[in-house]
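One structure below.
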Amino acid sequence: RINTPFSRGYANGLMSDAYLNFGEYKTSIFYWRKVIDITENELPGELTAVYGNSAIIFARAKEYDSALIYVKKAYRALYEDSNVIHDSSAIKFFSSNIFEAWGEAFAGKQQYDSALYYYHISLHFSESIDMRFNKIDDCNGIADIYKKQGYNDSAIYYLKKVFAINGVTKRYPISVLKSATLLAALYEAKQQPDSSLKYMHIASDIKDSVYSRDKTSAFQNIIFQQKEKE
């Protein structure tokens with residue numbers, strides 16, 4: 001049916017997701033705020049999921065204060081719902097997402113102890129259901145903080161967990177690019193040039209692959225925007 005709360009929310013959500021994937025965060029948030037408004041006024045049963053997605057979107061857009069507001073709302077909505085089975089895979093999936101966003105927001109605000117706390121909780125959920133994408137981001141977040149704090153061996157430990165995932169470079173190139181770049185820098189600091197060069201080559205190969213995809217995405221973005229104007 002047309003013009004129902006679900007259809008309007010879904011349509012605005014798709015628009016938000018499209019612009020998020022293009023890296024156009026302001027436009028993505030513009031459409032996502034419409035989703036929030038529809039949900040708060042017409043679909044209260046969907047608030048937990050929408051608040052959780054809000055936290056992720058705002059964290060990616062580096063609007064960390066807003067991310068923290070929505071991750072707290074999502075957490076509160078989740079645990080106030082008496083119908084939720086908290087040991088289910090769906091809730092573990094959701095928890096992995098919101099705690100990763102929580103960690104990212106605190107890391108962006110340079111509150112590293114809090115960031116590590118939430119990254120580790122997210123990592124626990126990510127590993128419990130083999131949620132690899134969040135596991136990589138959790139490990140990258142933890143490693144980046146340890147690197148800044150001078151705990152290089154601990155940082156390397158978490159980054160090696162990323163490369164232990166089968167087929168990780170092909171499946172998650174953007175996240176793994178960060179892992180490889182961090183490892184190259186860490187091994188350079190440890191004066192291990194062979195290891196540093198190894199991960200520099202991995203990073204370079206990923207950049208070449210991503211550059212080819214970016215050219216395709218840029219072309220698609222032009223078509224998408226033209227169709228929207230029409």
Side-chain angles (χ1 to χ4, degrees), residues 17-18 20-23 49 52-53 55-57 59-60 71 85-105 107 115-149 151-217 220:
D17 187 59
L20 184 69
N21 290 328
F22 287 134
N53 285 336
I56 295 167
I57 291 169
R60 287 191 189 176
V71 79
I85 301 173
H86 292 284
D87 195 41
S88 68
S89 295
I91 296 305
K92 290 177 181 178
F93 176 89
F94 182 81
S95 297
S96 170
N97 276 316
I98 63 169
F99 283 116
E100 194 275 328
W102 221 329
E104 187 174 347
L116 286 171
Y117 175 77
Y118 289 110
Y119 274 137
H120 278 293
I121 295 176
S122 176
L123 182 59
H124 165 74
F125 285 112
S126 300
E127 291 184 325
S128 71
I129 56 174
D130 196 27
M131 190 175 176
R132 298 179 180 185
F133 183 78
N134 275 12
K135 178 178 177 179
I136 296 166
D137 286 346
D138 291 330
C139 288
N140 282 343
I142 292 168
D144 189 45
I145 291 172
Y146 280 141
K147 178 177 178 290
K148 290 173 180 176
Q149 294 177 330
Y151 302 128
N152 290 353
D153 288 337
S154 295
I156 289 171
Y157 170 80
Y158 282 97
L159 292 171
K160 286 292 187 71
K161 289 169 75 73
V162 171
F163 284 93
I165 299 172
N166 186 40
V168 68
T169 303
K170 291 183 179 180
R171 293 182 181 180
Y172 314 101
I174 300 299
S175 295
V176 177
L177 175 59
K178 181 176 181 179
S179 307
T181 303
L182 280 170
L183 273 171
L186 287 162
Y187 278 120
E188 184 179 10
K190 288 172 68 69
Q191 297 183 344
Q192 297 182 21
D194 290 343
S195 295
S196 179
L197 187 60
K198 170 186 173 180
Y199 289 104
M200 285 176 65
H201 280 305
I202 292 173
S204 179
D205 290 343
I206 294 173
K207 285 179 182 177
D208 289 342
S209 174
V210 170
Y211 175 69
S212 297
R213 294 182 188 182
D214 283 347
K215 288 193 293 185
T216 303
S217 295
Q220 291 173 337

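Below, each value reflects all heavy atoms present in this structure, side chains not excepted, and no hydrogens, waters or symmetry copies. Worth saying up front: this structure is predicted, and the values here are computed from it rather than measured. If you read the sequence from its start, that first residue is 1, and numbering goes on from there.
- Under the 4.5 Å side-chain criterion, counting only non-hydrogen atoms from C-beta, I121 is in contact with Y117.
- Considering only residues two or more places apart in sequence or on other chains, H120 meets the side-chain contact (heavy atoms from CB on, under 4.5 Å) condition with L116, I142, Y146, Y158.
- A distance of 12.0 Å separates NE2 of H124 from CG of D138, quoted to the nearest 0.5 Å.
- Contact check for F163 versus V176: side-chain heavy atoms found under the 4.5 Å cut-off.
- Looking at residues two or more places apart in sequence or on another chain, you find no ring-ring contact (aromatic ring centres under 6.0 Å, His included) involving F93.
- Side chain of S95 to backbone of I91: a donor-acceptor contact under 3.5 angstrom is found.
- Atom CG of residue D130 and atom OG of residue S89 lie 11.5 Å apart, to the nearest 0.5 angstrom.
- Put simply, the side chain of T181 gets close to the backbone of L177: a donor and an acceptor are under 3.5 Å apart.
- Between A184 and S196, the shortest heavy-atom distance links the atoms O-OG, 2.9 Å.
- Between S126 and S96, the shortest heavy-atom contact is OG-OG, 2.7 Å.
- When all heavy atoms are compared, the tightest approach of N166 to R132 is O-NH1, 3.8 Å.
- One finds the CG atom of L20 at 5.0 Å from the CZ atom of R60 (value rounded to the nearest 0.5 Å).
- With salt bridges taken as basic N to acidic carboxylate O contacts below 4.0 Å, none links D137 and K178.
- Of all the heavy atoms in L186 and A155, the pair that sits closest is CD1-CB, 3.7 Å.
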field: Trace of the side-chain contact (heavy atoms from CB on, under 4.5 Å) decision for I165 with R171
entry: CA-CA 10 Å; I165 299 172; R171 293 182 181 180; over 6 Å; no

Test side-chain contact (heavy atoms from CB on, under 4.5 Å) applied to Y151 and I145, step by step: CA-CA 9 Å; Y151 302 128; I145 291 172; over 6 Å; no

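- Here L182 contributes atom CG and Y199 contributes atom OH; the two are 12.0 Å apart, rounded to the nearest 0.5 Å.
- Nearest approach of C139 to L123, heavy atoms of both residues: SG-CD1, 4.1 Å.
- Here the closest heavy-atom approach between residue Y172 and residue I136 is recorded as CD1-CD1, 3.5 Å.
- At most 12 heavy atoms of other shown residues, nucleotides or ligands fall within 6.0 angstrom of atom CD in E188.
- Considering OG1 of T169 and CD1 of I206, their distance stands at 5.0 Å, rounded to 0.5 Å.
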task: Take K198 and D194, measure what salt bridge (charged side-chain N to carboxylate O under 4.0 Å, His left out) needs, and give me the verdict at the end.
output: CA-CA 6 Å; K198 170 186 173 180; D194 290 343; over 6 Å; no

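- Separation of atoms CZ (F125) and CG (N97) is listed at 11.5 Å; rounding is to 0.5 Å.
- E100 has its side chain out of reach of M131: every pair of non-hydrogen atoms, C-beta onward, lies at least 4.5 Å apart.
- The closest donor-acceptor contact from the side chain of N140 to the backbone of S175 lies under 3.5 Å.
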